[in-house]
Amino acid sequence: MPELPEVETIRRYLATHLVGQTICRALLYTKALRRPIPALNRILPHLAVSDVRRLGKYLLICFDQGTLIMHFGMSGRLYWTPNNVKRSKHDHLDMVLSDNSRLRYNDPRRFGVLLWHVGAINQHSLFAKLGPEPLSQQLSSCYLYGFASAKKTAIKPLLLNQDFIAGIGNIYASEILFRARIHPARLANNIADSEWVLLVSAIKQVLKTAIQAGGSSIKDFVSVNGQLGAFQSQHAVYARTSQPCIICGSPIQALLQRQRISFYCPGCQILPSAGCTGQARH
DNA sequence: CTTTGCACCTGTTGGC
DNA sequence: TGCCAACAGGTGCAAA
């Protein structure tokens, strides 16, 4: 479910409501998700939350003694509930706070991750190859060009590679390429300098706007407080197959790339035909 | 080394 | 109504 804007929405809520609170008890119901879960029921009690951070799609709940690393996979979420609410299916962790309310981690598909890390977070192997934060200055057209301009892969699957840029997922990859007017099947090594510049600004603009809207709620994303995201109403292409493009009116098309669906406008995002790859011709 | 295909899970949806 | 295949916001690893 959550890509960068959704995780950032969760982070902002927790930064306001969780920092400073102490975890009195932790109840762990599950041994493993995508990876084995450490004994958080023994680790977390009596620790006070000092900060809540985000790296790409990872949420970091920081304590002086270490960091709880969370990833939400496709279906993970956090929700706050009173003490007396019965545990529901696929709840994996309860963090009981001093007022007896509980912060619950729930993940039906179990693609998420719960880990504990002591020491500098950047040293964790999960983050060793993680690409730059898209909203930082590190993400520039020079960076994109340097990483990608020799790659023989299509740009859309490349945008999903977290080693390239941290935090972009399937919704925002399509939305970003639409705003940059780049066809999802364009090969990275055929993208022009001017297009990398367009791409950088599309990345920043789409993600910034999506964060302001509280993320996208397609099926079931809700923030910790149950708040739905609103960015789905601004989706130009995602899940809009055969609906008219908001710019040119052409029907939006879907395309399967590496088992993942991409959406694009055939009028605005032109794929150069073979033999017309932008090289000089006479 | 780079690039692709698939497995990992469960729930929901849509066609017959 | 019921059944079953297809699909869903992600990632890691095996294979080509």
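Sequence lines set the chain letters: A, B, ... in the order given, protein chains first and strands last, and positions in each chain run from 1. Here the structure is a predicted model, which means the values were calculated and not measured.
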Inset, instruction - Using both distances under 3.5 Å as the test, list the Watson-Crick or G-U wobble partner of B:dT13, or none. - result: C:dA5
Roughly, in whole Å, what's the span from [atom1] in [X] to [atom2] in [N]?
X: A:Arg77; N: C:dG10; atom1: CZ; atom2: C1'; answer: 18 Å
X: A:Asp107; N: C:dG10; atom1: CG; atom2: P; answer: 13 Å
X: A:Phe147; N: B:dC1; atom1: CZ; atom2: C1'; answer: 13 Å
X: A:Leu4; N: C:dT11; atom1: CG; atom2: P; answer: 11 Å
X: A:Met74; N: B:dA7; atom1: CE; atom2: P; answer: 16 Å
X: A:Leu159; N: C:dG9; atom1: CG; atom2: P; answer: 15 Å
X: A:Asn161; N: C:dT11; atom1: CG; atom2: P; answer: 10 Å
X: A:Leu33; N: B:dT10; atom1: CG; atom2: P; answer: 11 Å

Would you measure the distance from the [atom1] atom in [N] across to the matching atom in [M] and give it in whole Å?
N: B:dC1; M: C:dT11; atom1: P; value: 23 Å
N: C:dG12; M: B:dG11; atom1: P; value: 24 Å
N: C:dC3; M: B:dC9; atom1: P; value: 25 Å

Without swapping roles, check the side chain of [X] against the backbone of [Y] for a donor-acceptor pair under 3.5 Å.
X: A:Asn170; Y: A:Ile261; value: yes
X: A:Arg54; Y: A:Gly56; value: yes
X: A:Gln257; Y: A:Pro184; value: yes
X: A:His17; Y: A:Ala15; value: no

Which nucleotide, [options], lies nearest any side-chain atom of [X]?
X: A:His90; options: C:dT11, B:dT4, B:dG11; answer: B:dG11
X: A:Lys219; options: C:dT11, C:dG9, B:dC9; answer: C:dG9
X: A:Gln259; options: B:dC6, B:dT3, B:dT10; answer: B:dC6
X: A:Lys57; options: C:dG10, B:dT10, B:dT4; answer: C:dG10
X: A:Phe221; options: C:dG9, B:dT4, B:dG11; answer: C:dG9
X: A:Lys152; options: C:dA8, C:dG12, B:dT3; answer: B:dT3

Legend entry - Among A:His235, A:Gln232, A:Glu3, the one residue meeting side chain to side chain donor-acceptor pair (under 3.5 Å) with A:Ser216: A:His235
When we call it a touch if two heavy atoms are under 4.0 Å apart, what does [X] touch: a base, just sugar-phosphate, or nothing?
X: A:Lys129; value: nothing
X: A:Pro108; value: sugar-phosphate
X: A:Ser75; value: nothing

Inset, instruction - Flag as yes if A:Phe111 stacks onto the base of C:dT11 (centroids under 5.5 Å, planes under 30°), otherwise no. - result: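 The ring of A:Phe111 is not stacked on C:dT11.
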Inset, instruction - State whether the distance check finds a donor on one side and an acceptor on the other, under 3.5 Å, for side chain A:Arg110 versus base B:dC9. - result: no
